[in-house]
Amino acid sequence: MPELPEVETMRRGILHLVGSRITGAEFPCGPKRPISTTPAPAAIVAGIRGGRLSAVERFGKRLALEITFPTRQRWLVIEPRMTGLMLVVPPPTTDHVRLVMHMRHAREQRQHPLVFWDQRGLGTLRLVDARGLDRACGQTTLGPDGLVVTGDDLSRALARSRRAIKVALLDQRAVAGIGNIYAAEILHRTGLDPRAACHRLSRQVWDRLADMTRAVLAEAVRLEGSSIGDELYQTPARRLGRFQQRHRVYGRTDQPCPTCRTAVRRIVQGQRSTFFCPQCQSRSGRRSS
DNA sequence: CGTTCAACCTGGGCGC
DNA sequence: TGCGCCCAGGTTGAAC
C-alpha cells in the first residue's frame, strides 16, 4: 500500500507528537502473529521506553522515528510495506495492532497512543543507532527521493539498463518512493510505453520523466495519498486519501482512458500488474525520431 | 548484469 | 454455504 505519498502523509500526521515522551510500549499481537522486528519485540520496548520522540523522517517508503535519551539516540525504522498504517486515533480493528507506543506530550500532560497497525503483517520494525540508520536508509540502499529526483539522477542510474522503464522505476536504488500505483500514473502522464527499454530513452525523456515524477508525487502528497479498493489506506487521523480521484490508469483495466477514451490495458511485468493506455503511451522514447 | 519464482501474511471477490 | 483460486499499495533472497 503505502508508497512515498502515503508514507509522507503518515509522517506529517504524527509530527505534532515530536517532543513527546514515550512512557511505554506494547506488542499486542504477541508472539502468536509476529511481524518482523530487529531486535525482538521485548528489546524494542526496552529500547524506546523513556525516550523522547525528537524527529520524524521519511526515507523513501520508510518512516524513521528519532528517539532521544540523555546520552544517546536511536531510530525506530518502520516499513509499512503493503498494509501498514501509523495511527493517532483508534484503529480499524483491534486485531492487527502490531505496536502501541504511549506518548506523553510535553505540554498537555495527556497520554496519547501512537499505533502501528498492519493487517497483513508484512511490515517491519527496526531499532537502530545512527550507523544502523545509514545501513537501512542510506544511499547504498535508496536512491534520491522521488520528490526531488532529477533527469540527471535517473539517467545516471538507469540509462544503461536494458530493463523496461516500468520495472526500473520500482527500483528503490534508482529513485526512492515510487511503487506500483505511481509508476503507472507517472508513465501515463509522460506518454511513455511501460515496456520501453531504459537504454533506448533519450536525455529529454529522462528529464520529462523526472519532472513528472516530482509533480505526480507532490500532488499525491497534497491530496494525502491514494485510498483505493477497500480503502484500507488512511491517514494517521483516519481520513481517506484523495489522489485516487486523479488516477488515470491504475486499477482501471478496460475502462476508458480519461485523455483519449481508449480502453486501459493490464499487463504483467516483473510479476506485478502494469496499467497503461495503449494509445497515449505508445512512445518508446527513442533517442532519435 | 538480468529475470523468475517463492516467501512473508490477511482478506475480498469470483466462479462453481 | 463452502471451496479453491486469483488478486492486492512491498521487499528479499535463491536459483538460473
Side-chain angles (χ1 to χ4, degrees), chain A residues 1-10 27 29-38 58-63 77-86 91-98 116-126 135-137 140-143 146 157-186 194-195 197-200 216-217 220-221 223-235 240-244 246-247 249-254 266-275:
Chain A
M1 169 194 316
E3 307 180 28
L4 184 154
E6 290 76 23
V7 179
E8 177 61 18
T9 301
M10 292 177 199
F27 284 79
C29 288
K32 226 176 69 183
R33 280 179 299 165
I35 58 169
S36 161
T37 74
T38 315
R58 178 185 56 76
F59 298 94
K61 304 174 190 173
R62 294 163 198 184
L63 208 56
V77 178
I78 301 166
E79 222 179 282
R81 300 264 175 112
M82 297 290 268
T83 53
L85 296 180
M86 295 303 292
T93 66
T94 51
D95 252 10
H96 310 122
V97 174
R98 309 293 175 160
F116 178 60
W117 182 90
D118 184 3
Q119 183 182 81
R120 287 174 69 177
L122 298 177
T124 69
L125 298 176
R126 274 172 293 185
R135 208 173 334 122
C137 303
T140 51
T141 324
L142 297 176
L158 300 175
R160 280 169 303 283
S161 169
R162 309 188 73 83
R163 281 180 291 179
I165 184 59
K166 156 67 180 349
V167 174
L169 283 180
L170 297 179
D171 183 345
Q172 302 300 300
R173 291 167 306 186
V175 47
I178 299 176
N180 217 28
I181 293 178
Y182 297 102
E185 297 301 315
I186 289 163
R195 300 162 293 190
C198 289
H199 72 281
R200 305 181 78 83
V216 165
L217 294 177
V221 168
L223 295 176
E224 301 188 297
S226 299
S227 296
I228 57 177
D230 46 19
E231 298 183 337
L232 207 51
Y233 164 72
Q234 302 175 3
T235 71
L240 296 180
R242 300 177 304 284
F243 190 76
Q244 67 279 6
R246 303 274 221 274
H247 288 185
V249 287
Y250 183 84
R252 303 190 68 249
T253 313
D254 295 335
R266 175 186 176 274
I267 60 175
V268 173
Q269 292 179 290
Q271 276 89 264
R272 311 195 60 190
S273 292
T274 295
F275 302 93

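Letters A, B, ... mirror the listed sequences (proteins, then strands); counts begin at 1.
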Pairs under 3.5 angstrom, nitrogen or oxygen only, protein versus nucleotides 4-6 of chain B, please.
none

Close N/O contacts between protein and nucleotides 11-16 of chain C (under 3.5 Å):
from: C:dT11; atom 1: OP2; to: A:Lys61; atom 2: NZ; distance (Å): 2.9

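By the side chain to side chain donor-acceptor pair (under 3.5 Å) test, A:His247 pairs with A:Ser226, sequence neighbours left out. Not counting sequence neighbours, A:Arg135 has no partner by the salt bridge (charged side-chain N to carboxylate O under 4.0 Å, His left out) test. With sequence neighbours excluded, the residues that form a salt bridge (charged side-chain N to carboxylate O under 4.0 Å, His left out) with A:Arg62 are A:Glu79.
When heavy atoms are screened at a 4.0 angstrom cut-off, A:Gly121 is found touching no nucleic acid atom at all. Within the 4.0 angstrom heavy-atom criterion, base atoms lie near A:Asp230.
The phosphate of C:dC7 (OP1 or OP2) has no side-chain N or O of A:Ser273 nearer than 4.0 angstrom. Contact annotation: A:Ser161 side-chain N/O to B:dC1 OP1/OP2 distance is not under 4.0 Å. Here A:His96 does not reach the OP1 or OP2 of B:dC9: none of its side-chain N or O atoms lies under 4.0 Å away. In terms of phosphate contacts, A:Tyr250 brings a side-chain nitrogen or oxygen within less than 4.0 Å of OP1 or OP2 of C:dG9.
Of the inter-residue distances, the one linking A:Asp95 atom CG with A:Arg98 atom CZ reads 8.5 Å to the nearest 0.5 angstrom. To the nearest 0.5 angstrom, A:Tyr233 atom OH is 9.5 Å from A:Leu240 atom CG. Interatomic distance, A:Leu63 CG to A:Arg58 CZ, rounded to the nearest 0.5 Å: 9.0 Å. Rounding to the nearest 0.5 angstrom, the gap separating the CD1 atom in A:Ile186 from the CD1 atom in A:Ile181 is 11.0 Å.
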Using Watson-Crick and G-U wobble pairs with both distances under 3.5 Å, what is the 5'-to-3' dot-bracket string of DNA chain C, with [ ] for crossing pairs and | for pairs outside the strand?
-> .|||||||.|||||||
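Side chain of A:Leu122, nearest nucleotide from B:dG11, C:dC7, B:dC8: B:dC8. Distance from the side chain of A:Ile181 is smallest to C:dG9 among C:dA8, B:dG2, C:dG9.
Regarding A:Glu3, its CD atom lies at a distance of 12 Å from the C1' atom of C:dA8, rounded to whole Å. The interatomic distance linking A:Leu217 (CG) with C:dG9 (C1') rounds to 14 Å, in whole Å. The distance from atom CH2 of A:Trp117 to atom P of B:dC9 is 17 Å, rounded to the nearest whole Å. The distance between atom CD of A:Gln119 and atom C1' of B:dC9, rounded to the nearest whole Å, is 9 Å. For the pair A:Leu158 CG and B:dG2 C1', the computed distance is 14 Å after rounding to whole Å. One atom, CD of A:Gln244, and another, C1' of C:dA8, lie 16 Å apart when rounded to the nearest Å. Distance A:Leu169 CG to C:dG10 P: 13 Å, rounded to the nearest Å. Counting to the nearest Å, the P atom of C:dG10 and the OH atom of A:Tyr233 are 13 Å from each other.
For A:Phe243 and A:Tyr182, the ring centers sit closer than 6.0 Å to each other.
Atom C1' of B:dT3 sits at a distance of 23 Å from the matching atom of C:dG9, rounded to the whole Å. B:dA6 and C:dC5 are spaced 14 Å apart, taking the P atom of each and rounding to whole Å.
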Test A:Asp118 against A:Arg81 for salt bridge (charged side-chain N to carboxylate O under 4.0 Å, His left out), laying out the working first.
-> CA-CA 9 Å; A:Asp118 184 3; A:Arg81 300 264 175 112; over 6 Å; no
Before giving the answer on side-chain hydrogen bond (donor to acceptor under 3.5 Å, both in side chains), spell out for A:Thr93 and A:Trp117 the whole-Å C-alpha distance, their side-chain angles and the decisive distance to 0.1 Å.
-> CA-CA 9 Å; A:Thr93 66; A:Trp117 182 90; 3.2 Å; yes
What's the verdict on side-chain hydrogen bond (donor to acceptor under 3.5 Å, both in side chains) for A:Ser273 and A:Arg266, showing C-alpha distance, side-chain angles and the deciding distance?
-> CA-CA 6 Å; A:Ser273 292; A:Arg266 175 186 176 274; 2.9 Å; yes
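Under the 4.5 Å side-chain criterion, counting only non-hydrogen atoms from C-beta, A:Thr141 is not in contact with A:Gln172. The side-chain heavy atoms of A:Met10 and A:Thr235, taken from C-beta on, include no pair separated by under 4.5 Å.
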